[in-house]
Amino acid sequence: SVSYRNTYNLMNFVDNVKQTNFILNTVHKIQLNLVYAENENRAYIITKDASYLNNYKLDKNNTFKLLDTLAEYTASNVSQHSYCLKTISLVKQRFDIIDKNIEKKSASDVLKMLNEGKWKMTQIKSSLYKITKNEKNSLNENQSSYDNSVMFTPFFTLITVLFTLAVFLLSYRKINKDVEKLILTNKQLEITNESIKTAEVIVNFAIWHCDYATDKITFSDNQYTMLGYKINEHDLTLKDILNFVHPDDLYHFKQELNKM
């Protein structure tokens with residue numbers, strides 16, 4: 001019957017929405033775990049505190065578990081599964097670089113590994129972005145297909161309203177749980193960031209990040225302090241940093257920047 005066919009199409013569409021939501025959440029969790037692992041690795045290199053190394057290993061294991069789950073959910077989609085396998089390979093390479101970096105002693109070796117790791121992370125982000133984009137495109141196609149196939153009847157309209165209400169209530173409950181998890185995650189990130197800030201002050205170093213897409217450079221608070229500025233007194237640029245480099249080191253410093 002018409003009502004049965006419309007209900008069947010709606011159920012299929014809901015299943016697609018659930019799968020897309022799950023995949024997108026899994027990709028987001030993978031990205032968070034990669035960030036956690038990076039932060040724990042840096043904190044360990046700076047402080048040699050074994051607790052950071054233990055947390056790094058946990059984040060590494062969680063990342064691979066999430067990747068295995070993603071591979072399972074994308075198995076029926078050849079294109080998505082291909083990107084997933086590529087991402088797994090890139091993540092393995094990234095963690096291999098981090099593991100080697102932990103064992104390195106000299107500053108030059110550590111710098112070399114960090115540069116290799118930045119490029120690998122760029123590739124991982126690109127691969128995960130393609131998975132996310134394809135999943136959203138697939139959902140939009142399913143939405144269009146569903147809209148074109150739906151044939152409304154008074155009875156089906158009533159079923160649709162009731163079913164939509166039920167889905168809305170379930171989604172609202174799930175969103176509340178996700179928000180609570182997100183709040184907890186943000187608190188954990190704040191604790192990690194505060195630990196790194198403390199380590200910066202103790203060891204007298206600073207962290208900076210360059211967004212290659214916009215050429216914008218972001219410095220940690222301790223960079224301003226080390227240079228005699230108030231925190232966020234003004235936007236520091238690479239030119240500002242070069243003014244503080246010893247003339248004898250300037251040429252070598254610029255060479256290292258060009259390699260990044």
Side-chain angles (χ1 to χ4, degrees), residues 23-75 79-135 185 188-189 191-193 195-196 199-200 205-218 220 256-260:
I23 290 176
L24 294 181
N25 283 336
T26 302
V27 169
H28 178 64
K29 290 177 182 178
I30 290 171
Q31 292 172 322
L32 282 179
N33 273 274
L34 286 170
V35 172
Y36 293 159
E38 292 272 354
N39 288 340
E40 300 293 351
N41 169 57
R42 291 174 183 170
Y44 173 74
I45 291 175
I46 296 166
T47 65
K48 298 303 180 184
D49 186 337
S51 63
Y52 288 118
L53 186 59
N54 292 333
N55 290 336
Y56 159 75
K57 292 178 180 178
L58 288 174
D59 294 330
K60 177 181 177 180
N61 290 334
N62 288 337
T63 300
F64 282 117
K65 288 180 180 178
L66 289 167
L67 285 168
D68 288 340
T69 301
L70 187 63
E72 179 181 347
Y73 269 77
T74 58
S79 175
Q80 287 290 71
H81 194 61
S82 175
Y83 283 124
C84 182
L85 295 180
K86 178 182 178 181
T87 303
I88 292 174
S89 175
L90 290 171
V91 170
K92 286 181 179 178
Q93 295 173 41
R94 177 64 186 115
F95 278 119
D96 285 342
I97 293 173
I98 293 178
D99 292 338
K100 291 177 182 177
N101 199 16
I102 291 175
E103 301 169 0
K104 295 297 180 182
K105 302 294 183 181
S106 69
S108 60
D109 287 338
V110 171
L111 180 60
K112 181 180 179 181
M113 289 294 180
L114 287 175
N115 289 335
E116 292 177 1
K118 286 180 180 179
W119 170 239
K120 197 61 62 178
M121 278 299 296
T122 299
Q123 292 178 297
I124 292 171
K125 290 177 181 178
S126 175
S127 185
L128 289 174
Y129 171 77
K130 289 176 182 176
I131 293 175
T132 301
K133 182 179 180 180
N134 287 345
E135 200 60 40
T185 298
Q188 292 172 341
L189 279 173
I191 293 172
T192 300
N193 288 335
S195 299
I196 294 176
E200 285 184 347
F205 83 105
I207 296 173
W208 60 276
H209 169 74
C210 179
D211 187 344
Y212 292 101
T214 62
D215 286 332
K216 181 179 179 181
I217 301 177
T218 304
S220 62
E256 293 299 325
L257 285 177
N258 291 333
K259 294 178 183 178
M260 298 174 63

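Since the model is a prediction, treat every value here as computed from it, not as a measurement.
In terms of the side-chain hydrogen bond (donor to acceptor under 3.5 Å, both in side chains) criterion, Thr132 has no residue partners (sequence neighbours excluded). Considering only residues two or more places apart in sequence or on other chains, Ser51 meets the side-chain hydrogen bond (donor to acceptor under 3.5 Å, both in side chains) condition with Asp49. Judged as a salt bridge (charged side-chain N to carboxylate O under 4.0 Å, His left out), and not counting sequence neighbours, the contacts of Lys60 are Asp99.
Between the CD atom in Gln123 and the CG atom in Leu90 there is a gap of 5.5 Å [rounded to 0.5 Å]. Rounded to the nearest 0.5 angstrom, Glu135 CD and Ser79 OG are separated by 10.0 Å. Atoms CG and NZ, from Leu67 and Lys92 in turn, are 9.0 Å apart once rounded to the nearest 0.5 Å. Considering CD of Gln31 and CG of Leu66, their distance stands at 11.0 Å, rounded to 0.5 Å. For the atom pair CD1 of Ile30 and SG of Cys84, the computed distance is 7.0 Å after rounding to the nearest 0.5 Å. Atoms CG and CG, from Leu58 and Asn33 in turn, are 10.0 Å apart once rounded to the nearest 0.5 Å.
Glu40 and Asn55 make their closest contact through CD-CB, 3.6 Å (heavy atoms, listed as atom of the first residue, atom of the second, distance). Minimum interatomic distance between Gln80 and Ile131 (heavy atoms only, all atoms of both residues): NE2-O, 2.9 Å.
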Step-by-step side chain to side chain contact (heavy atoms under 4.5 Å, CB included) determination, Gln93 to Ile97: CA-CA 6 Å; Gln93 295 173 41; Ile97 293 173; 5.5 Å; no
Chi angles and distances behind the side chain to side chain contact (heavy atoms under 4.5 Å, CB included) call for Asn62, Tyr36: CA-CA 11 Å; Asn62 288 337; Tyr36 293 159; over 6 Å; no
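Partner of Phe95 under the side chain to side chain contact (heavy atoms under 4.5 Å, CB included) criterion, chosen from Thr63, Asn41, Asp59: Thr63.
Looking at Leu24 and His28, their side chains never come closer than 4.5 Å, going by heavy atoms from C-beta outward. Residues Glu38 and Arg94 are in side-chain contact: their nearest non-hydrogen atoms beyond the backbone lie under 4.5 Å apart. The side-chain heavy atoms of Tyr129 and Tyr83, taken from C-beta on, include no pair separated by under 4.5 Å. With contacts defined as side-chain heavy-atom distances shorter than 4.5 Å, the pair Thr26/Tyr73 does not qualify.
No more than 12 heavy atoms of other residues, nucleotides or ligands sit less than 6.0 Å from atom NZ of Lys29.
Judged by distance alone, the side chain of Thr69 and the main-chain N or O of Lys65 form a donor-acceptor pair under 3.5 Å.
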